[in-house]
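Each ligand, and each atom within it, is numbered from 1 in the order the structure gives. Computed over heavy atoms, backbone and side chain alike; hydrogens, waters and symmetry mates excluded. Numbering starts at 1 and runs along the sequence shown.
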Amino acid sequence: MAKTVIEVEGMTCGHCKSSVEGALHNLEGISTAEVSLEDNNVTVEYNDTVIDRGKMTEAIENQGYDVK
Ligand SMILES: [Cu+2]
């Protein structure tokens with residue numbers, strides 16, 4: 001299991017938090033996704049033989065947020 005922190009711009013409220021967490025949970029290979037609105041990031045635990053950061057970034061951007 002791998003862990004990464006992705007910096008995300010534009011998340012402001014609980015709706016944003018659940019959009020980003022939900023989009024990540026929908027991907028295969030994600031075990032946990034936890035948004036911090038204070039820190040403007042999401043901490044993800046994932047199976048790095050199944051998914052890479054590029055796919056996560058794409059899923060977040062598809063929700064309308066920018067990944068740094
Ligand atoms: Cu919001």
Decide whether L37 and V42 are clustered together by the hydrophobic rule: side chain heavy atoms of Ile, Leu, Val, Met, Phe, Trp, Tyr closer than 4.5 Å, transitively. yes

Roughly how far, to the nearest 0.5 Å, is the CG atom of N41 from the CD atom of E9? 12.0 Å

D52 side-chain N/O to G54 backbone N/O, donor-acceptor pair under 3.5 Å: yes

If you measure from CD on E45 to CD1 on I30, what distance do you get to the nearest 0.5 Å? 10.0 Å

Closer than 2.8 Å to the Cu ion (ligand 1) - protein N, O or S atoms, ordered by chain and residue number: C13 SG, C16 SG

Please tabulate, for side-chain N and O atoms in residues 60-68, each donor-acceptor pair with protein atoms closer than 3.5 Å (sequence neighbours left out).
{"unit_1": "N62", "atom_1": "ND2", "unit_2": "E58", "atom_2": "O", "d": "3.4"}

How long is the straight-line distance from NZ of K3 back to OG1 of T32, given to the nearest 0.5 Å? 7.5 Å

